[in-house]
Amino acid sequence: MKLARAVQDLAPSGIRRFFDVVSRMDDVISLGVGEPDFGTAWRVREAAIYGLERGRTSYTGNAGLLELRQAIAAALGRRYGLEYDPEEQVLVTVGVSEALDLALRALLDPGDEVIVPEPCYVAYPPCVTLAGGVPVPLPTRAEQGFVPTPEEVERLITPRTRAILLNYPNNPTGGAPTREQLLALAEVARRRDLVVISDEIYDRLSYDRPHVSVPTLPGMAERTLLLNGFSKTYGMTGWRVGYAAGPADLVAAMTKIHQYTALCAGRSAQEAAIEALRVPDRDVEAMVDDYDARRRLIVAGLNRIGLPCHLPAGAFYAFPSVAATGLSAQEFAERLLHEGRVAVVPGDAFGAGGAGHVRCAYATGLDQIEEALGRMERFVVGLPTMEGARIGTTVAS
Ligand SMILES: Cc1ncc(COP(=O)(O)O)c(C=O)c1O
């Protein structure tokens, strides 16, 4: 069958291909997928079950249940002092994934450019392309904590540049800018009239300093579309619920597309999301403390093994360099999988700047991480290139 050129040209996801192989193997410890191992809290599941028992199985309004939009706006107000009108400025979507797609389709004319700092979440460049735009990669470096400088952004701006796509804390690097770094990027966006699409899905998973939400920066609320959701913070990946909050005209344009495509996010998922926003902060903080212990264990272990790794500021990913092994990221990941029975994702799957690194998700228990580190150490020690290369230090960022 003749298929659309844009789809034919789309490369299959590097992650998926890799995990198809993993799923057919035994005794593999997976540090691969970005899937929280904390399941959905019981009270949240019960809220959905209760709604089903009451027969609440219909569509909701296109923008999502008003009660959920009100709860989202209230949560953003409480957490960050942000003020969004739940009726005009909040749209409930099928995960952040749909919100991203809608935002790009609402913003871009064919050929418009979107600057995408890389390495980045695998969906960003294809989503820009499928919306008719042109993704413009901005490679970032480990020495800068994988945060671009304002000069690097400015160099890529052309008359066709419409937006920049930021994601902090970042998948796959775990990097997050300081407030000063973010202020400098915001200044470029304001001066050069760029829209910022800010995917803050890992905002609650910030370890060393409080998360800075882009629309809280001076003059940024009116040019930022904030994306967030329930998948990571509340262990709700399979429920498929997220949201966009931002300027009313952009949210209205997105809602127009959404009403003809997804119609609405699932009702049960929306009811569960309302309950998720009632989960006490201390429960979320306990989960973050758990992730923090895992983060420290894995980063110390990777550095000890001789795979230099900065301390990620957020999310649940470590992104060590494997350059010292003499193997490419792809070779390292493939050999580690077959010889060491540990699955990690080659950094090149996340675009420019990811080469020579692998992503290790620590959304798995401490004992599994210990075992994975042991296996990785045995694999690395066996590589002829690694003799005497172990450095035993932690590179902080
Ligand atoms: C940066 C980032 N954005 C969006 C998503 C997808 O989020 P959702 O499950 O809300 O569609 C992910 C999932 O891994 C992610 O890492």
Side-chain angles (χ1 to χ4, degrees), residues 13-16 18-19 30-40 44 64 68 72 90-104 114 116-128 130 135 140 146-147 164-177 196-206 211 213-214 225-245 254 258 261-262 264-266 269-270 272-273 276-277 291 312-319 344-345 347 349-351 353-354 359-364:
S13 159
I15 297 194
R16 280 288 143 240
F18 200 70
F19 283 95
S30 180
L31 305 180
V33 277
E35 175 93 36
D37 63 332
F38 297 95
T40 309
V44 174
L68 175 55
I72 290 166
V90 179
L91 171 65
V92 176
T93 55
V94 182
V96 167
S97 305
E98 194 216 356
L100 173 71
D101 181 41
L102 293 173
L104 293 166
V114 179
V116 184
E118 291 185 353
C120 68
Y121 178 48
V122 290
Y124 292 167
C127 282
V128 173
L130 289 171
T140 60
F146 295 103
V147 176
I164 179 163
L165 224 168
L166 299 182
N167 166 225
Y168 301 116
N170 181 263
N171 174 9
T173 66
V196 177
I197 301 175
S198 188
D199 177 350
E200 301 185 16
I201 192 166
Y202 296 102
D203 66 334
R204 306 295 295 280
L205 295 175
S206 296
H211 174 71
S213 183
V214 174
L225 184 74
L226 173 65
L227 308 184
N228 208 331
F230 297 83
S231 291
K232 312 290 175 176
T233 306
Y234 300 105
M236 291 177 68
T237 49
W239 295 78
R240 310 309 303 129
V241 57
Y243 59 87
M254 291 168 62
H258 173 80
T261 50
C264 64
Q270 293 190 50
L277 289 174
Y291 277 129
F316 42 54
Y317 306 107
F319 202 61
V344 297
V345 184
F350 307 97
R359 189 190 77 174
C360 309
Y362 49 89
T364 187

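Ligands are counted one by one from 1 in listed order, and the atoms in each one are counted from 1 as well. Just so you know, these numbers come straight off a predicted model, no measurement behind them.
- No donor-acceptor distance shorter than 3.5 angstrom exists from the side chain of Asp203 to the backbone of Leu205, with no hydrogens or angles considered.
- A search for side chain to side chain contact (heavy atoms under 4.5 Å, CB included) contacts involving Pro177 returns Val147, Tyr168, Gln181, Leu182, not counting sequence neighbours.
- The backbone N or O of Glu200 lies less than 3.5 Å from a partner atom in the side chain of Asn228, making a donor-acceptor pair.
- A centroid separation of less than 6.0 Å is found between the aromatic rings of Tyr202 and Tyr317.
- Of all the heavy atoms in Val196 and Leu166, the pair that sits closest is CG1-CD1, 3.9 Å.
- In this structure, Ile197 and Val114 have side chains that are not in contact, with every pair of non-hydrogen atoms separated by 4.5 Å or more.
- Sorted by chain and number, the residues within 4.0 Å of ligand 1 by heavy atom are Gly95, Val96, Ser97, Tyr121, Tyr124, Asn167, Asn171, Asp199, Ile201, Tyr202, Ser231, Lys232, Arg240.
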